[in-house]
Enquirer: 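What follows is a structure written as structure tokens; I'll ask about it next.
One-based numbering, in listed order, for ligands and for the atoms of each.
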Amino acid sequence: MHQTIAGRTKEQWFSSHPLLERIVAGEEVFWANPETVTAATALSQLDIQAADVFDAAERLRRFAPYIRTVFPQTEPDGGIIESPLRAIPSMQRALSRERDTAFPGRLLLKCDSELPISGSIKARGGIYEVLKHAEHLALEHGLLSRSDEYARLSEPRFSDFFSRYRIAVGSTGNLGLSIGIMGATLGFQVTVHMSADAKAWKKELLRAKGVRVVEYEDDYGRAVAEGRSQAATDPGCHFVDDENSRDLFLGYAVAGERLKRQFAEQGITVDADHPLLAYLPCGVGGGPGGVAFGLKLAFGDHVHCFFAEPTHAPAMLLGLYTKEYDRVSVQDFGLDNRTAADGLAVGRASGFVARRMGPLLDGAYTVDDTTMLRDLARLWQTEALFLEPSALAGMAGPHRVVEAPEYLARHGLRDVLDQATHLVWGTGGSMVPEGERRELLPENDIEKFQNCSLDHGGLGN
Ligand SMILES: *Cc1c(COP(=O)(O)O)cnc(C)c1O
């Protein structure tokens with residue numbers, strides 16, 4: 001008896017897709033996507049357009065006065081939920097020492113760990129989807145018009161109205177935090193279905209906000225499936241479907257235009273002679289997929305986007321490489337989906353995202369937990385910045401690409417690498433409690449907590 005995976009035996013897969021053997025063995029790999037076409041061609045073939053992202057950005061602008069009212073920490077940015085961009089030269093030197101080679105170009109960190117309200121990349125897509133749903137309901141019931149001052153959404157009559165509706169989501173943790181905090185603030189009844197990987201502090205925080213948390217022994221896929229089926233029987237319930245949501249994707253994609261403005265303000269050029277290489281930690285794919293889409297819209301072929309996944313959970317890499325998308329899981333290939341990078345502990349990629357990344361994404365790679373945890377400590381030691389383990393998957397990226405001669409040659413990058421910007425997307429971390437941070441850092445670094453303030457985002461909001 002041969003067990004098959006999407007109709008083929010493992011041996012057949014290995015012979016048609018040789019890199020699979022190393023992926024399945026849990027090795028760190030780099031994969032350059034052979035299907036990539038120019039950004040213009042890829043974007044013209046997609047069913048999501050620049051206008052859709054523009055519409056999402058406009059919606060977030062309409063909500064800014066409301067966000068500013070209910071989350072005063074967003075006051076400095078006028079109610080726009082955005083994160084800082086930082087150069088991390090000491091980390092760049094440490095990475096070079098660690099790997100015994102320097103990489104040309106300059107290393108930057110996009111600090112989504114410091115996004116207000118929920119401290120992770122999910123504050124982009126997750127909050128956007130909740131706001132869009134709230135707007136839809138309020139418009140439909142004649143309580144609001146698009147030209148209104150949205151700050152009025154903080155009046156009790158709106159929370160009374162929203163309290164008649166329910167929102168549900170399945171999550172490894174951070175999406176639940178974003179949906180839960182935003183939904184409960186508006187007045188919705190929110191249920192978050194949490195996978196086994198979800199951290200206890202995230203569940204406690206949500207319960208303290210009046211969110212119902214349902215826990216599962218199983219992984220993320222199960223939490224989503226359960227949430228989806230329970231919500232399906234309730235017409236008053238909106239299910240935020242992390243595996244299929246266009247709105248989540250659009251909320252993430254707004255990051256492209258925002259980053260372009262930030263680059264302009266900081267005098268960072270992106271063009272044919274100054275390529276941008278972006279390294280995006282990937283779980284189910286919505287966050288990095290939406291951001292990659294936004295980056296291609298903003299920078300065209302001058303940006304190269306790579307997804308980073310744990311060696312034990314390379315769901316998107318398997319889906320794209322085999323072109324089976326969400327029809328294969330890491331478990332099908334005998335991997336266990338266990339990783340310290342809880343935000344990336346996803347066994348099956350989003351079909352919605354995977355199918356759209358085929359022609360757009362430049363490549364993907366896998367990273368060991370030991371590499372991520374070592375880089376977590378390095379970043380703390382060199383820059384006094386704390387990120388959660390998932391967010392460190394990006395740090396291995398610059399070396400992987402620089403050491404991929406065929407990729408560099410194919411894209412004419414060899415002669416311009418000195419002027420490259422390497423951008424690691426720091427997807428989360430500022431809300432991780434101090435006790436958890438201590439457990440993730442080596443013993444001898446803990447002292448630094450006493451001497452060094454955690455003012456890069458701080459603990460909570
Ligand atoms: C969710 C998450 C990701 C990945 O986003 P997906 O949409 O699941 O691919 C990466 N890092 C952190 C910290 C996350 O919470």
Enquirer: So which pairs with a foot in residues 343-360 pass side-chain hydrogen bond (donor to acceptor under 3.5 Å, both in side chains), sequence neighbours left out?
Expert: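 Passing the test, one end in residues 343-360: D47-R356, D326-R355.
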Enquirer: Got a sec, which pairs hit side-chain hydrogen bond (donor to acceptor under 3.5 Å, both in side chains) with one end in residues 310-323, sequence neighbours left out?
Expert: E35-K323, T311-D368, H312-D336
Enquirer: Strictly below 4.0 Å, N to O, side chains only: are E265 and K260 in salt-bridge contact?
Expert: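 So E265 does not pair with K260 through a salt bridge.
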Enquirer: Does the ring center of H133 lie less than 6.0 Å from the ring center of Y165?
Expert: no
Enquirer: List in chain and number order the residues that pass salt bridge (charged side-chain N to carboxylate O under 4.0 Å, His left out) with E436, two or more places apart in sequence or in another chain; answer none if no residue qualifies.
Expert: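 Partners of E436 under the salt bridge (charged side-chain N to carboxylate O under 4.0 Å, His left out) test: none.
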Enquirer: Any chance the rings of F299 and F263 have centres within less than 6.0 Å?
Expert: yes
Enquirer: Within the protein, flag every N or O under 3.5 Å from an N or O of ligand 1, and note the pair and distance.
Expert:
from     : atom 1 : to   : atom 2 : distance (Å)
ligand 1 : 7 (O)  : G286 : N      : 3.2
ligand 1 : 7 (O)  : G287 : N      : 2.7
ligand 1 : 8 (O)  : V284 : N      : 3.0
ligand 1 : 9 (O)  : G283 : N      : 2.7
ligand 1 : 9 (O)  : V284 : N      : 3.2
ligand 1 : 9 (O)  : G285 : N      : 2.7
ligand 1 : 11 (N) : T427 : OG1    : 2.7
ligand 1 : 15 (O) : K122 : NZ     : 2.7
ligand 1 : 15 (O) : N174 : ND2    : 2.7

